[in-house]
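Just so you know, these numbers use all the heavy atoms, side chains as well, and skip hydrogens, waters and symmetry mates. Sequence lines set the chain letters: A, B, ... in the order given, protein chains first and strands last, and positions in each chain run from 1.
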Amino acid sequence: MPELPEVEVSRQGIAPYLENAQITKIVVRNAQLRWPVPMTLQDAVGCIVTSVRRRAKYLLLETEKGTIIIHLGMSGSLRVLDSTVAVEKHDHVDIVLNSGKCLRLNDPRRFGSVLWQVGDVLEHKLLASLGPEPLTDEFTAQRLFERSRTRKVPVKSFLMDNHIVVGVGNIYANEALFSAGISPKRAAGQVSLQRYKVLVEEVKQVLAKAIEQGGTTLKDFTQTDGKPGYFVQELQVYGKAGKPCPKCGEVLQAMKIGQRNTIYCNQCQR
DNA sequence: AAAGACACCTGTCCGC
DNA sequence: TGCGGACAGGTGTCTT
């Protein structure tokens with residue numbers, strides 16, 4: 001489900017309830033997520049959440065003792081509820097707060113994770129070698145250009161590589177490449193600096209706009225208040241294979257790149 | 001080192 | 001209606 005905008009929307013939704021609240025209990029109903037939920041997660045009980053940050057698609061609930069790392073995988077979602085609200089199917093983890101509220105993770109496919117890290121959270125194995133955040137000045141065309149010179153992978157796969165830049169998943173990779181007029185099939189090393197400049201701007205724009213709109217709801221993503229994300233209305237190509245290109249009217253094509261569905265206009269994207 | 005396949009798991013949708 | 005198969009927003013790991 002969630003790409004960076006959906007994770008950021010989740011962060012913004014939960015932060016006001018979590019920051020400065022004390023964790024009074026953690027209930028793990030199913031520890032078998034992408035990685036087993038560690039027993040040490042219970043060390044967070046009694047701690048006060050000092051901040052709720054995001055790195056890539058990881059949510060970081062920081063306390064004075066350590067950090068709870070949450071990833072939503074493909075199908076995870078977070079709600080803030082009164083802790084008395086009845087549990088539903090796939091509600092795997094509750095982080096109960098002294099306010100009577102509770103942060104509840106629901107994840108049907110269980111590709112998500114909940115981990116506990118003591119010390120500098122950015123040194124966690126999963127976070128240590130990530131590329132720059134796309135919405136910062138560290139994400140530049142120059143960087144893409146330099147790191148791509150020897151690369152033969154399709155530029156779409158390159159853009160989705162977390163070592164290059166984080167947070168660009170399948171929906172927004174398709175959208176940004178369409179907006180930039182770059183063929184997703186083109187070898188990353190065959191894209192000019194000038195065109196990477198356009199691509200970087202389009203990535204920033206599509207992600208920023210999606211965050212503003214509350215993310216993209218395809219099936220089941222909801223904001224933490226239960227509302228859908230409205231960016232789905234803005235999608236140009238994702239999920240629109242066979243339909244006319246919004247720019248030129250040609251039929252949009254579909255193919256697999258790196259096992260992922262890829263939609264593009266053969267006319268507008270070169 | 002780089003590219004591609006595969007794995008994890010459940011729900012949904014489509015064709016027969 | 002039921003069943004089999006394909007597919008889905010992610011990403012670490014294994015194989016070439």
* Structure fact -> H163(A) NE2 to dT13(C) P, in whole Å, measures 10 Å
* Assess whether one donor atom and one acceptor atom, taken from the side chain of R109(A) and the base of dA8(C), lie less than 3.5 Å apart. => yes
* Asked: Starting at the 5' end of DNA chain C and moving along, which residue's nearest nucleotide shows up first, K125(A) or R260(A)?
  -> R260(A)
* Structure fact -> Contacts of L126(A) and K256(A) projected onto DNA chain C by closest heavy atom; the upstream (5') one is K256(A)
* Looking only at atom types and distance, does a side-chain atom of H92(A) sit under 3.5 Å from a main-chain N or O of L105(A), one as donor and one as acceptor? -> no
* **Duplex segments of DNA chain C, taken as runs of at least three Watson-Crick or G-U pairs that stay under 3.5 Å** => B:2-8 with C:10-16, B:10-16 with C:2-8
* **Candidate nucleotides dG4(B), dG11(B), dC8(B), ranked by approach to the side chain of F111(A) - the nearest** => dC8(B)
* Asked: About how many Å separate OG of S51(A) and CG of N20(A), when rounded to the nearest 0.5 Å?
  -> 10.0 Å
* Listed nucleotide nearest any side-chain atom of K89(A), set dC9(B), dG11(B), dA8(C) -> dG11(B)
* Asked: If you look at every strand shown and take non-hydrogen atoms under 4.0 Å, does Y58(A) touch a base, only sugar-phosphate, or nothing?
  -> sugar-phosphate
* **Test salt bridge (charged side-chain N to carboxylate O under 4.0 Å, His left out) applied to E133(A) and K57(A), K204(A), R55(A), the passing residue** => R55(A)
* To do: Run the salt-bridge test on E8(A) and R11(A) with the 4.0 Å N-O cut-off and return the result as yes or no.
  => yes
* To the nearest Å, give me how far apart NE2 (H124(A)) and P (dT11(C)) are. => 14 Å
* Asked: Between Q117(A) and T67(A), do the side chains contain an N or O donor and an N or O acceptor separated by less than 3.5 Å?
  -> no
* Asked: Which nucleotide, dG11(B), dC9(B), dG10(C), lies nearest any side-chain atom of N170(A)?
  -> dG10(C)
* Structure fact -> Rounded to whole Å, the NZ-P distance (K156(A) to dG10(C)) equals 9 Å
* Rounded to whole angstrom units, what separation is found between the CD1 atom of I70(A) and the P atom of dG10(C)? -> 18 Å
* For the atom pair CD1 (I68(A)) and CD1 (I95(A)), what is the distance rounded to the nearest 0.5 Å? -> 4.0 Å
* Structure fact -> Of the candidates dG11(B), dT11(C), dA3(B), the side chain of N162(A) sits closest to dT11(C)
* To do: Report yes if a side-chain nitrogen or oxygen of R151(A) is closer than 4.0 Å to either non-bridging phosphate oxygen (OP1 or OP2) of dA3(B); otherwise report no.
  => yes
* Asked: Looking only at atom types and distance, does a side-chain atom of Q269(A) sit under 3.5 Å from a main-chain N or O of G181(A), one as donor and one as acceptor?
  -> no
* Asked: Could you give the CG-to-P distance, from L72(A) to dT11(C), as a whole number of Å?
  -> 10 Å
* Taking for each residue the nucleotide of DNA chain B bearing the nearest heavy atom, is the 5' side occupied by T150(A) or by Q259(A)? -> T150(A)
* **Closest nucleotide among dC9(B), dG9(C), dG12(C) to the W35(A) side chain** => dG12(C)
* Asked: Taking the same atom, P, in dA5(B) and in dC7(C), what whole-Å distance lies between them?
  -> 14 Å
* How close or far is atom C1' of dT11(C) from atom CD of E3(A), stated in whole angstroms? -> 13 Å
* Describe the nucleic acid contact of R34(A) in one word from base, sugar-phosphate, nothing, applying a heavy-atom distance below 4.0 Å. => base
* Structure fact -> When Q32(A) and V153(A) are each assigned the nearest nucleotide of DNA chain B, the 5'-most assignment goes to V153(A)
* D94(A) bridged to R29(A) by N-O distance under 4.0 Å -> yes
* **Distance test, side-chain N/O of H90(A) to OP1/OP2 of dG11(B), below 4.0 Å** => yes
* **Value in whole Å for how far the P atom of dT11(C) lies from CG of D107(A)** => 13 Å
* In whole angstroms, how far is the C1' atom of dA8(C) from the CG atom of L235(A)? -> 15 Å
* Which part of the nucleic acid, if any, lies within contact of Y172(A), taking any heavy atom under 4.0 Å across all strands shown: a base, the sugar-phosphate backbone alone, or nothing? -> nothing
* Asked: Under 4.0 Å between a side-chain N or O of K57(A) and OP1 or OP2 of dT11(C)?
  -> yes
* Asked: Under 3.5 Å, side chain of D82(A) to main-chain N/O of T84(A), donor-acceptor pair present?
  -> no
